[in-house]
Number of protein chains: 2
Amino acid sequence: MPIPKDFMKPARLSAKERAFLQLQEWIIDGTLQPLEKLNDAELATALGVSRTPVREALQLLNAQGFVEMHPGVATQVTAVNNADVEKILPVLAALQALAAEEVSQKGVTASFIQQLRAKNAEFALAIESQNFYLALKLDDELHTLIIQEAENEYIANPVSNFQAHVRRLFFHNSIILTAQSVVEHEKLIASLEAQDAETAHAITKQNWVRATEEYASRTK
Amino acid sequence: MPIPKDFMKPARLSAKERAFLQLQEWIIDGTLQPLEKLNDAELATALGVSRTPVREALQLLNAQGFVEMHPGVATQVTAVNNADVEKILPVLAALQALAAEEVSQKGVTASFIQQLRAKNAEFALAIESQNFYLALKLDDELHTLIIQEAENEYIANPVSNFQAHVRRLFFHNSIILTAQSVVEHEKLIASLEAQDAETAHAITKQNWVRATEEYASRTK
DNA sequence: TTCTTATATATTGCATACATTATAAACTAC
DNA sequence: GTAGTTTATAATGTATGCAATATATAAGAA
């Protein structure tokens, strides 16, 4: 019986990876608050490992913009500026729109379209039941499906980083999702199906731009 | 006499930062060839430091896509796929175009426009004298000026990473620059001056898309 | 011979001790 | 009392030793 390789991999995570994932989660969900001091020795004992893997994880989080390092002074969680919604979402929109455009040009299979529709149906249910965190997660997954299809890691990597930042903004009450997204998703899927790259691009961008504007109007 | 803060900073770089910058440079300019094995102990002695800062630098390079790590086996320089030009440039174009759009909407000062024109003049000279590496560097600097003006680190960070990858592709003879860019830059500057966001966006995108197409046509 | 199993080796991963740096407190000189 | 200097402390940065892992080699049994 052939065992899929991918199944074996997650079995053993290195201490560094565990530390990274745990700290990132804590920063995103607010367990570790913005500007909170991160003493590596303290974190090491808390995570049951030595300082080395903790420091390595902190440096990666620093590269991702979740942690600020001041050599010889302190390491701390970065601040959360709610106004950053207006900085991130346009970039996320541009990248996701580019992916949609590329996928549309390449052409798609029927089963891929079916996957998207299924995910959008789940998304609609989550919105309807006002489970907004689940909705955000499903929205991410829907766009990630498209990005994986684009097979462009230069899009996929920054997008996955931005999604993490968006999740943190969500936990700090900076983002809202509405039923309007369900309609937009369906339009997006239809344009992919019709290989209409221009519309696919436009709709994807509109999807996040609208969210940005909703944020802006709420804060006025 | 007030000494500018920024002047003091580069004076002392940590061993990790020195290792990172040196290794990145070596990977970009081909001193360290694609797929070359990177033994951290070896690199440590070569750089006159211990394994720790070297390993930290390698992990950052891994996050940036310059290094591949296979735990317990080997660490090596990532491969260079010349076809990646067609993956990176559209993304770089999309991000730089977004920056140009934002700057255009915000409005610009006369001195900023003057800076851009000066840089483009240098760029034109470099192209004319067929100093293509200098030209690439000046092109980067021109677009970086615009990106700094946009004040959006979610654009600036991935772009600076992509520029590093593009420089590596240049050293592996995957990219060419032509005098056409000089004309496009001038059009871009004019559209920024006129606060024409749409044109600024379109020109910036065209600037790299054309380079991509030139690459594609050369490889056929 | 061929497949299996030990074993040796090389590499990365982790833990810990030490060095360096930056800040704040205490102390001295004026 | 205040300014400047010294000293103490706490944090990060670096070096080194050891552990764990993966691969290749060699040995042994079928």
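Numbered from 1 within each chain, the chains take letters A, B, ... in sequence-line order.
Between the side chain of B/T75 and the base of C/dT12, no donor-acceptor pair of N or O atoms lies under 3.5 Å.
Comparing A/G48 and A/G72 by the nucleotide of DNA chain C whose heavy atom lies nearest to each, the residue mapping closer to the 5' end is A/G48. The 5' end of DNA chain D is approached more closely, in terms of each residue's nearest nucleotide, by A/V73 than by the other of A/T52 and A/V73.
B/L23 pairs in a side-chain contact (heavy atoms from CB on, under 4.5 Å) with only one of the listed residues (B/L58, B/L60, B/I28, B/V67), which is B/L58.
B/L38 comes within contact range of the sugar-phosphate backbone alone, with a heavy-atom separation under 4.0 Å but no base atom that close. Heavy atoms of A/S14 sit under 4.0 angstrom from primed sugar atoms or phosphate atoms, though from no base atom.
Distance, B/K37 NZ to C/dA10 C1': 12 Å, rounded to whole Å. When rounded to the nearest whole Å, the span between CD of B/Q76 and P of D/dT23 equals 13 Å. Straight-line distance from the CG atom of B/D40 to the C1' atom of D/dG17: 14 Å, rounded to whole Å. When rounded to the nearest whole Å, the span between CG of B/L43 and P of C/dT11 equals 12 Å. Distance, A/E17 CD to C/dT12 P: 16 Å, rounded to whole Å. The CZ-C1' distance, from B/R51 to C/dT16, rounds to 14 Å in whole Å. Put simply, CG on A/N39 is 12 Å from P on D/dG13, counting in whole angstrom units. Look at NZ on A/K16: it is 16 Å from C1' on C/dA15, rounded to the nearest Å.
Shown here is B/E141, whose CD atom has more than 12 heavy atoms of other residues, nucleotides or ligands within 6.0 Å. Atom CD of A/Q105 has more than 12 heavy atoms from other residues, nucleotides or ligands within 6.0 Å.
A distance-only check finds a donor-acceptor pair linking the side chain of B/T78 to the backbone of B/F66 [under 3.5 Å].
The side chain of B/R55 places no N or O atom within less than 4.0 Å of a non-bridging phosphate oxygen (OP1 or OP2) of C/dT12.
A donor and an acceptor atom, one from each side chain of A/D29 and A/T31, are located under 3.5 Å apart.
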